[in-house]
Engineer: 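Can you read through this structure? Questions will come right after.
Chain identifiers are assigned alphabetically (A, B, ...) following the order of the sequence lines, protein sequences preceding nucleic acid strands; residue numbering begins at 1 within each chain.
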There are 2 protein chains.
Amino acid sequence: MSPTRAPKQTTHRGTGFLARGHDHRRCVDAALSRAEDLCAARSVRLTGLRRRVLELIWGSHKPLGAYQILEALRGERPGAAPPTVYRAVEFLVAQGLVHRIESLNAFVGCAHPGESHVSQLLICRACGEAAEIADPRLADTMDRITADAGFLAHRHAVEAVGLCRRCQIGADPE
Amino acid sequence: MSPTRAPKQTTHRGTGFLARGHDHRRCVDAALSRAEDLCAARSVRLTGLRRRVLELIWGSHKPLGAYQILEALRGERPGAAPPTVYRAVEFLVAQGLVHRIESLNAFVGCAHPGESHVSQLLICRACGEAAEIADPRLADTMDRITADAGFLAHRHAVEAVGLCRRCQIGADPE
DNA sequence: CCTGGAAATGTTATATTATAACATTCCGCC
DNA sequence: GGCGGAATGTTATAATATAACATTTCCAGG
Ligand SMILES: [Zn+2]
Ligand SMILES: [Zn+2]
Ligand SMILES: [Zn+2]
Ligand SMILES: [Zn+2]
């Protein structure tokens, strides 16, 4: 093993909360790169604004509200207004690059863009971070239940609020 | 079997969407009666206002927004204002008599008050009705998943949007 | 009964979230 | 270069939710 190899990092895809000290730039870079590829493949335009909003949302693993995004944009884009943000996130959500967390009125980067999946979010009420999981057991169960009910599900969402492992053991939430 | 027995009605508890022609007064009466009992047992006060708001929410199986409730209240309670409604629904939600549907900013009567359960709601985007189901498979799956993630869930919610059986077969949504 | 104090409701004002409507700019395409 | 649709800018307003303080209601205890 070379001592200069890149440090290990658990992938950010679907494995729950990441360690506090993880190299978050890799999360951001991977997300932006993935988004570029997906949008190119779909012939939709990941414009500068949309890319920047995606980057802001990926700024951390804490969901970001529309007006928080707006505030961040204002410094660099004087004309930014609510529709600026809402239109960008509408695009990002439609492309499956971002999830809207209904119970928070906030947005978080999707950990599985381009893969069909049910959004399953664990939201820590201590540190505020949200982790997306993609457990096929849950998707299967949902499919069975809706089928049993004769319900044709178009989209569904699972949101759980509680304490992540770190915050349970009394770690500093920040 | 006596010919004068009450007509059969599928219980409203956890069985999905009810038939169009079901005797909805029985849903309402059962819900209000159950609420009285629960509140008495818990020594909390189901005041006139709270009872009335619960009755309004149970007015149909379509989720009701806070300002729709307010509009209905205004005719009978001149001083009604947003806090009137929000405080009443806060109580009803805290007592588990009503669920808030985050994706709609609306409220619907709980089909399983007093029973510990995960809110699982199927929302028809054609007729607007919401059906609560209580499938133990889903609760179990959620428990396993959160446990695997080391997450201590405090509450969680499942919301699915799609088409109920009636609306799939082209029935008049109303 | 009366009454102290907490809970509930009334009342006014405002914060937060989201969208409508129309103008302008951008950008690929011819 | 200029046509046309998509994206963004701009202004205004709608829809949802809460803060803060005043008043009323309701009991439990005297
Ligand atoms: Zn990260
Ligand atoms: Zn996702
Ligand atoms: Zn009914
Ligand atoms: Zn319920």
Side-chain angles (χ1 to χ4, degrees), chain A residues 35-36 39-57 62-95 97-108 123 128 157 159, chain B residues 35-36 39-40 42-57 62-95 97-108 123 128 159:
Chain A
E36 298 278 12
C39 289
R42 294 169 181 167
S43 301
V44 296
R45 293 166 54 191
L46 185 63
T47 61
L49 172 64
R50 291 165 174 175
R51 191 180 198 284
R52 180 66 181 127
V53 170
L54 180 61
E55 190 177 21
L56 286 168
I57 290 173
K62 299 185 189 185
L64 214 53
Y67 282 75
Q68 291 177 281
I69 297 169
L70 178 56
E71 188 180 6
L73 272 184
R74 279 229 153 99
E76 59 205 47
R77 192 177 281 254
T84 311
V85 173
Y86 282 101
R87 287 192 287 227
V89 297
E90 177 184 33
F91 170 87
L92 296 170
V93 169
Q95 295 301 321
L97 301 170
V98 158
H99 291 289
R100 175 183 166 84
I101 302 184
E102 299 289 352
S103 60
L104 297 178
N105 295 330
F107 303 90
V108 71
I123 304 157
E159 296 179 13
Chain B
E36 298 277 13
C39 289
R42 293 169 181 167
S43 302
V44 296
R45 292 166 57 191
L46 186 63
T47 62
L49 172 64
R50 290 166 175 175
R51 191 179 198 283
R52 180 66 180 129
V53 170
L54 180 60
E55 191 177 19
L56 286 167
I57 290 173
K62 300 185 189 183
L64 213 52
Y67 281 75
Q68 291 177 279
I69 297 168
L70 178 57
E71 189 180 5
L73 272 183
R74 279 227 152 101
E76 59 204 46
R77 193 178 278 256
T84 311
V85 173
Y86 282 102
R87 287 192 288 226
V89 297
E90 177 184 34
F91 171 86
L92 295 170
V93 169
Q95 294 302 321
L97 301 170
V98 158
H99 291 290
R100 176 184 167 84
I101 302 184
E102 299 289 353
S103 60
L104 298 178
N105 294 332
F107 303 90
V108 71
I123 303 157
E159 296 178 13

Engineer: Compare all side-chain heavy atoms of B:V108 with those of B:R100 and state whether any distance is below 4.5 angstrom.
Structural biologist: no
Engineer: When you compare the side chain of B:R50 with that of B:R45, does any pair of heavy atoms fall below 4.5 Å?
Structural biologist: yes
Engineer: According to salt bridge (charged side-chain N to carboxylate O under 4.0 Å, His left out), who are the partners of A:E36, at least two apart in sequence or on a separate chain?
Structural biologist: A:R51
Engineer: Would you list the atom pairs, donor with acceptor, under 3.5 Å between side chains in residues 72-85 of chain B and any protein atom, with sequence neighbours excluded?
Structural biologist:
residue : atom : partner : partner atom : Å
B:R74   : NE   : B:A80   : O            : 3.2
B:R74   : NH2  : B:A80   : O            : 2.9
B:E76   : OE1  : B:R52   : NH2          : 3.2
B:E76   : OE2  : B:R52   : NE           : 2.5
B:T84   : OG1  : B:A81   : N            : 3.0
B:T84   : OG1  : B:A81   : O            : 3.1

Engineer: Measure all distances between protein nitrogen or oxygen atoms and nitrogen or oxygen atoms of nucleotides 23-25 of chain D, and list the pairs falling under 3.5 Å.
Structural biologist:
none

Engineer: Going by side chain to side chain contact (heavy atoms under 4.5 Å, CB included), name the residues that satisfy it together with B:E159, two or more places apart in sequence or in a different chain.
Structural biologist: B:I101, B:E102, B:S103, B:I123
Engineer: For B:N105 and D:dT18, what is the distance between atoms CG and P respectively, to the nearest whole Å?
Structural biologist: 10 Å
Engineer: I need the CD-C1' distance between A:E102 and D:dT16, as an integer number of Å.
Structural biologist: 14 Å
Engineer: Round to the nearest Å and state the distance from B:L64 atom CG to D:dA15 atom P.
Structural biologist: 16 Å
Engineer: Has the side chain of A:Q68 got a donor or acceptor atom that lies under 3.5 Å from a matching backbone atom of A:G65?
Structural biologist: yes
Engineer: Write down the distance between CD1 (B:I101) and C1' (D:dT16), rounded to a whole number of angstrom.
Structural biologist: 16 Å
Engineer: Does anyone know the first and last nucleotide of DNA chain C in reach of chain B, 5' to 3', at under 4.0 angstrom to a heavy atom?
Structural biologist: C:dA8 to C:dT12
Engineer: Under the side chain to side chain contact (heavy atoms under 4.5 Å, CB included) rule, collect the residues that match up with A:Q95, sequence neighbours excluded.
Structural biologist: A:R42, A:V44, A:F91, A:L97
Engineer: With B:A106, which residues qualify under side chain to side chain contact (heavy atoms under 4.5 Å, CB included), at least two apart?
Structural biologist: B:P63, B:L104
Engineer: Under the side-chain contact (heavy atoms from CB on, under 4.5 Å) test against A:F107, which residue among A:V93, A:L64, A:V53, A:L54 passes?
Structural biologist: A:V93
Engineer: Find the distance between OH (B:Y86) and OH (B:Y67) and round it off to the nearest 0.5 Å.
Structural biologist: 5.0 Å
Engineer: Taking any heavy-atom pair under 4.0 Å as a contact, classify A:F91: base, sugar-phosphate, or nothing.
Structural biologist: nothing
Engineer: Can you list, by residue number, the residues of residues 79-90 of chain B that have a non-hydrogen atom closer than 4.0 angstrom to DNA chain C?
Structural biologist: B:G79, B:A81, B:P83, B:T84, B:R87
